**Student:** 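Right, I'll just put the structure down here and ask away after.
Each chain gets a letter, A, B and so on, in the order the sequences are listed, and its residues count up from 1. What you see is a predicted model; the values in this text were computed from it and never measured.
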There are 2 protein chains.
Amino acid sequence: MNYEEFQKCGARVTLSLLAGKWKPLILFYLFTGSQRFTDLWRIMPRVSKKVLLEQLKEMEEAGLIRRVEKNGFPPEVFYELSEQGRTLGPLLKQLDEWGDNYIQTKE
Amino acid sequence: MNYEEFQKCGARVTLSLLAGKWKPLILFYLFTGSQRFTDLWRIMPRVSKKVLLEQLKEMEEAGLIRRVEKNGFPPEVFYELSEQGRTLGPLLKQLDEWGDNYIQTKE
DNA sequence: AAAGAAGTTCACTTTTTGGTCACCTATACA
DNA sequence: TGTATAGGTGACCAAAAAGTGAACTTCTTT
């Protein structure tokens with residue numbers, strides 16, 4: 001495998017999709033169900049609306065999540081996992097388990 | 001899960017260990033066997049020795065790889081997977097497969 | 001002595017990412 | 001009329017990550 005091949009390799013692509021500072025956390029929340037923008041923001045007090053929005057937009061463009069407008073009043077926007085995003089479930093689980101195991105062997 | 005819990009969660013930890021720009025590639029090479037520093041560098045022409053060294057050092061501190069000196073002449077340094085590092089195998093495989101699948105559905 | 005190899009370090013710059021803060025839009029309701 | 005609410009933008013700044021290029025060390029060969 002050379003550099004070019006590596007850039008296109010699956011592992012590289014997957015990691016780049018998950019690489020944002022808040023993306024894994026957002027995904028975890030979305031796995032518990034569709035979330036209103038403001039609620040997501042309230043759960044993550046250290047993230048500004050702008051940054052949260054950036055992460056959401058990138059994941060939406062990547063096809064991992066969907067943006068759903070409900071135009072009542074006040075207008076609400078929900079974010080939810082796409083089918084594609086939902087397939088990340090087992091992967092996130094394995095990442096989580098490996099990490100937990102790693103933490104334990106380090107103690 | 002709140003912010004603090006998230007920082008310690010397994011998935012977060014795992015992703016941070018794999019987050020370096022060249023780390024996954026290095027790991028892939030090391031899975032094919034122990035590698036001399038200079039050889040690793042030759043395979044990755046776009047990485048400066050300094051950056052490669054940084055990535056290796058970080059992975060060594062994380063316990064994923066081991067640095068082995070052979071002091072003949074010229075002195076050689078080999079890098080190889082630790083037992084801990086070797087357990088990343090299935091995870092990398094799954095990251096890779098998910099990514100390949102993702103790429104296909106995007107085309 | 002001089003040159004060269006392998007691994008490493010240092011000083012410095014560029015790029016990317018994340019961050020704050022103020023402001024905009026549309027609408028409901030007091 | 002004015003204010004609140006939900007979602008979103010733009011200007012600007014700070015920190016982190018990655019990159020460059022030179023130089024150092026140790027020992028061997030010429």
**Student:** Rounding to an integer number of Å, can you tell me how far Glu58(A) CD sits from dG8(D) P?
**Tutor:**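 Those two atoms, CD and P, are 15 Å apart.
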**Student:** When the distance from CD of Glu76(B) to C1' of dT26(D) is rounded to whole Å, what number comes out?
**Tutor:**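 It works out to 15 Å between those atoms.
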**Student:** Can you tell me if Tyr79(A) touches the phosphate of dG8(D), counting only side-chain N or O atoms and a distance under 4.0 Å to OP1 or OP2?
**Tutor:**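 Result: yes.
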**Student:** Examine the base of dG8(D) for any acceptor or donor lying under 3.5 Å from a partner atom in the side chain of Lys50(A), and report the outcome as yes or no.
**Tutor:**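 Not at all, since no donor on one side and acceptor on the other fall under 3.5 Å apart.
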**Student:** Side-chain N or O of Trp22(B) versus OP1/OP2 of dG19(D): is the shortest distance under 4.0 Å?
**Tutor:**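 Affirmative; the distance criterion is met.
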**Student:** Minimum heavy-atom separation for Tyr79(A) to Leu30(A), with atom names?
**Tutor:**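 Distance-wise, the nearest heavy atoms are O-CD2, 3.4 Å.
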**Student:** Which residue lies toward the 5' end of DNA chain D, Val77(A) or Lys49(B), if each is placed at its nearest nucleotide?
**Tutor:**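 Its nearest nucleotide being more 5', the pick is Val77(A).
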**Student:** Evaluate salt bridge (charged side-chain N to carboxylate O under 4.0 Å, His left out) for Lys70(A) paired with Glu76(A), printing each intermediate quantity in order.
**Tutor:** CA-CA 5 Å; Lys70(A) 308 236 153 106; Glu76(A) 292 178 327; over 6 Å; no
**Student:** Assess whether side-chain contact (heavy atoms from CB on, under 4.5 Å) is satisfied between Leu81(A) and Leu88(A), documenting all intermediate values.
**Tutor:** CA-CA 10 Å; Leu81(A) 291 170; Leu88(A) 279 171; over 6 Å; no
**Student:** Expressed as a whole number of angstroms, how long is the span from Trp41(A):CH2 to dG19(C):C1'?
**Tutor:**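 Between C1' of dG19(C) and CH2 of Trp41(A): 14 Å.
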**Student:** What contact category does Lys57(A) fall into here, base, sugar-phosphate, or nothing, at under 4.0 angstrom with non-hydrogen atoms?
**Tutor:**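 Touches sugar-phosphate only.
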**Student:** Just the rounded figure in Å: distance from C1' of dT5(D) to CZ of Phe37(A).
**Tutor:**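 After rounding, the reported distance stands at 13 Å.
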**Student:** Could you tell me whether the side chain of Gln55(A) and the main chain of Trp22(A) form a donor-acceptor pair under 3.5 Å?
**Tutor:**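 Looks like yes, one N/O pair under 3.5 Å.
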**Student:** In whole Å, I'd like the distance from the CE atom of Met44(B) to the C1' atom of dA18(D).
**Tutor:**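 Checked: the CE to C1' distance equals 15 Å.
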**Student:** Rounded to the Å, how far apart are Leu53(B) CG and dA18(D) C1'?
**Tutor:**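 Going from Leu53(B) (CG) to dA18(D) (C1'), I get 14 Å.
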**Student:** Rounded off to whole Å, could you give me the CD-to-P distance for the Glu54(A) and dA11(D) pair?
**Tutor:**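 Nearest whole value for this atom pair: 13 Å.
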**Student:** By nearest heavy atom, map Gly20(A) and Arg67(B) onto DNA chain C; which one lands nearer the 5' end?
**Tutor:**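 Closest to the 5' end, via its nearest nucleotide, is Arg67(B).
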**Student:** What is the distance, to the nearest angstrom, from the CG atom on Asp39(B) to the P atom on dA5(C)?
**Tutor:**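 Going from CG in Asp39(B) over to P in dA5(C) covers 15 Å.
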**Student:** Does a side-chain N or O from Gln55(B) land closer than 4.0 Å to OP1 or OP2 of dA17(D), or not?
**Tutor:**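 Gln55(B) to dA17(D) OP1/OP2: no side-chain N or O under 4.0 Å.
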**Student:** Look at Lys21(A) and dG19(C) and indicate whether a side-chain polar atom (N or O) is within less than 4.0 Å of OP1 or OP2.
**Tutor:**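 Looking at the OP1 and OP2 atoms of dG19(C), one of them is under 4.0 Å from a side-chain N or O of Lys21(A).
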**Student:** Could you check whether any side-chain N or O of Thr14(B) sits under 3.5 Å from a backbone N or O of Gly99(A), counting only pairs where one atom can act as donor and the other as acceptor?
**Tutor:**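 Yes: the side chain of Thr14(B) pairs with the backbone of Gly99(A).
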**Student:** Pick the nucleotide of DNA chain C nearest each of Val47(A) and Pro75(A); which residue has the one closer to the 5' end?
**Tutor:**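 Its nucleotide being nearer the 5' end, the pick is Val47(A).
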